[in-house]
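Each remark here refers to the structure printed beneath this line.
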Amino acid sequence: MARVLITGVTGQDGAYLAALLLGKGYEVYGLLHRHGGSEAVQERLRRLGCEGAVAMVDGNLIDLSSLIRLLDKVKPDEIYNLAAQSFVRMSWDQPLLTTQVTAIGTANMLEAVRIAAPKARYFQASSSEMFGRAETPAQNEATQFHPRSPYASAKVFAHCLVQNYRDAFGLFGCNGIMFNHDSPLRGIEFVLRKITDGAARISLGLATELPMGNLEARRDFGHARDYVQAMWLMLQQDRADDYVVATGRAASIRDLCRIAFAHVGLDYENHVRVDPAFLRPADVDVTVGDASRARTKLGWSPETRLEAMIAEMVEADLARWRARA
């Protein structure tokens, strides 16, 4: 039975990936950073029915010694590093924490792999935010990075370091440049989940308006359930490489509002308002991915359309608020 270690296992991607790998017969270990209120951190795993099947092990990305001990104990065949401070807006308020966890944490993990698990296959979750204000209509693996936030800058560092370790030490390291991906498990602080939750609350009479930031920003949105399949496929190849994971379709935040509110029979224009407090100091106008390499080499393509994903998320939020009532 192959062993796998997932950092960020209690997040959206970690939970879907754990469920996928358990279904494939893996022995799954999840890195758990214990803190106050940790009894609730496995809620996403619980919702997917795999909480008790994941072996939780203590560790911290900013403590190299804990990672070395962890890898020596687990002896994983595959490692998926999904942990990060991944909320872009927060990275402006906490740039040092973001850098320490997202950038230096990756450096610690790679060094631990080099020392304690050099034969393990390693996946790094990179981000489309690295492209920033890209000069090409669609971004692929060769597109130049122009990061526009502390989060994006930290992700560029981590991405390049994986390439360095691959070239210098022969590490089987893959970067998955993940464009926006969501699901009912997404945190409420992320834009699409904020929209679907807002539409649900307003339709149930629990609120009347939804304050938002820039409605004209356009992003490429897919389903996390599809994207973790691409992560796994990367580590099954004969040669390590980097891959864009995207749908190739861009939608504006305004589009997302329109689709979500229409699902509950409402006109978003009657409820959504722009609040300057939610505007970023430096924003990205549009990102849309070219996943041709993933389609050709991995045989991967997204299965869930944007409208179906938004409907799934709105229904999940409606059910949650009804249960509370």
Side-chain angles (χ1 to χ4, degrees), residues 8 12-14 16-17 20 78 80-82 84 86 88 102-103 106 121-149 151-167 171-183 186 190-192 217-252 284-306 309:
Q12 169 192 254
D13 292 6
Y16 277 112
L17 180 62
L20 173 70
E78 297 176 9
Y80 296 84
N81 186 27
L82 311 183
S86 56
V88 177
T102 306
T106 300
R121 296 191 167 201
Y122 178 91
F123 171 85
Q124 174 67 29
S126 290
S127 169
S128 61
E129 288 288 331
M130 301 187 304
F131 294 122
R133 190 166 287 172
E135 299 176 355
T136 56
Q139 296 80 55
N140 60 26
E141 296 81 6
T143 303
Q144 187 174 352
F145 298 140
H146 292 281
R148 298 273 290 167
S149 67
Y151 166 75
S153 300
K155 279 292 188 181
V156 170
F157 174 90
H159 180 94
C160 293
L161 202 61
V162 171
Q163 295 174 330
N164 294 158
Y165 271 67
R166 186 168 66 205
D167 295 340
L171 173 71
F172 193 104
C174 296
N175 287 303
I177 306 175
M178 317 299 287
F179 279 67
N180 293 63
H181 49 288
D182 292 87
S183 74
R186 192 57 143 159
F190 291 89
V191 64
L192 181 50
R218 299 174 67 231
R219 298 288 187 272
D220 185 326
F221 289 88
H223 200 298
R225 185 173 51 232
D226 295 338
Y227 283 33
V228 299
Q229 178 76 21
M231 297 178 189
W232 176 75
L233 286 170
M234 291 179 206
L235 297 196
Q236 312 315 308
Q237 305 306 303
D238 294 332
R239 176 179 174 272
D241 206 346
D242 304 327
Y243 298 87
V244 163
V245 182
T247 70
R249 172 189 176 187
S252 69
V284 177
D285 297 328
V286 57
T287 55
V288 57
D290 174 7
S292 297
R293 179 181 292 177
R295 292 176 186 271
T296 301
K297 294 189 174 182
L298 303 180
W300 176 87
S301 61
E303 297 181 359
T304 310
R305 285 184 54 81
L306 177 63
M309 178 177 69

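Scope of the values below: all heavy atoms of this structure, side chains included, with no hydrogens, waters or symmetry mates.
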Would you find a donor on one side and an acceptor on the other, under 3.5 Å apart, between the side chain of Glu78 and the backbone of Trp232? no
Check: Asp226 side chain, Thr304 main-chain N or O, donor-acceptor pair, under 3.5 Å: yes
Looking at CD of Gln124 and SG of Cys160, how far apart are the two atoms once the value is rounded to the nearest 0.5 Å? 11.0 Å
For residues His181 and Met309, determine if any side-chain heavy atom of one lies less than 4.5 Å from a side-chain heavy atom of the other. no
Flag the pair Met178 / Met231 as yes when at least one side-chain heavy-atom distance between them is below 4.5 Å, and no otherwise. yes
Roughly how far, to the nearest 0.5 Å, is CE of Met234 from SG of Cys174? 7.0 Å
Please check if the side chain of Asn175 supplies one atom and the backbone of Ile177 the other of a donor-acceptor pair under 3.5 Å. no
Just jot down the ring pair (Phe, Tyr, Trp, His ring centres under 6.0 Å) partners of Tyr16, sequence neighbours excluded, or say none. His223
Could you list the residues that satisfy side-chain contact (heavy atoms from CB on, under 4.5 Å) with Arg295, not counting sequence neighbours? Ser301, Pro302
Rounded to the nearest 0.5 Å, how far does CG of Asp242 lie from CG of Asn140? 11.5 Å
Are any side-chain N or O atoms of Glu129 and backbone N or O atoms of Pro147, one a donor and one an acceptor, separated by less than 3.5 Å? no
Less than 4.5 Å apart, any side-chain heavy atom of Val288 and any of Pro137? no
Under a 4.0 Å N-O cut-off, is there an ion pair linking Arg219 with Asp182? no
Quick check: does any side chain N or O of Lys155 sit under 3.5 Å from a backbone N or O of Ser128, one acting as donor and the other as acceptor? no
Please confirm whether the backbone N or O of Gln237 pairs with a side-chain atom of Arg121, one donor and one acceptor, at under 3.5 Å? yes
Taking atom CG of Leu82 and atom CG of Leu17, what is their separation to the nearest 0.5 Å? 6.0 Å
Could you tell me how the ring of Tyr227 sits relative to the ring of Trp300: parallel (under 30°), tilted (30 to 60°) or perpendicular (over 60°)? perpendicular
Checking Tyr165 now: which residues fulfil ring pair (Phe, Tyr, Trp, His ring centres under 6.0 Å) with it, not counting sequence neighbours? Phe169
Distance col, row Phe131:CZ vs Phe179:CZ, nearest 0.5 angstrom, shows 5.0 Å
Under 6.0 Å between the ring centres of Phe172 and Tyr122? no
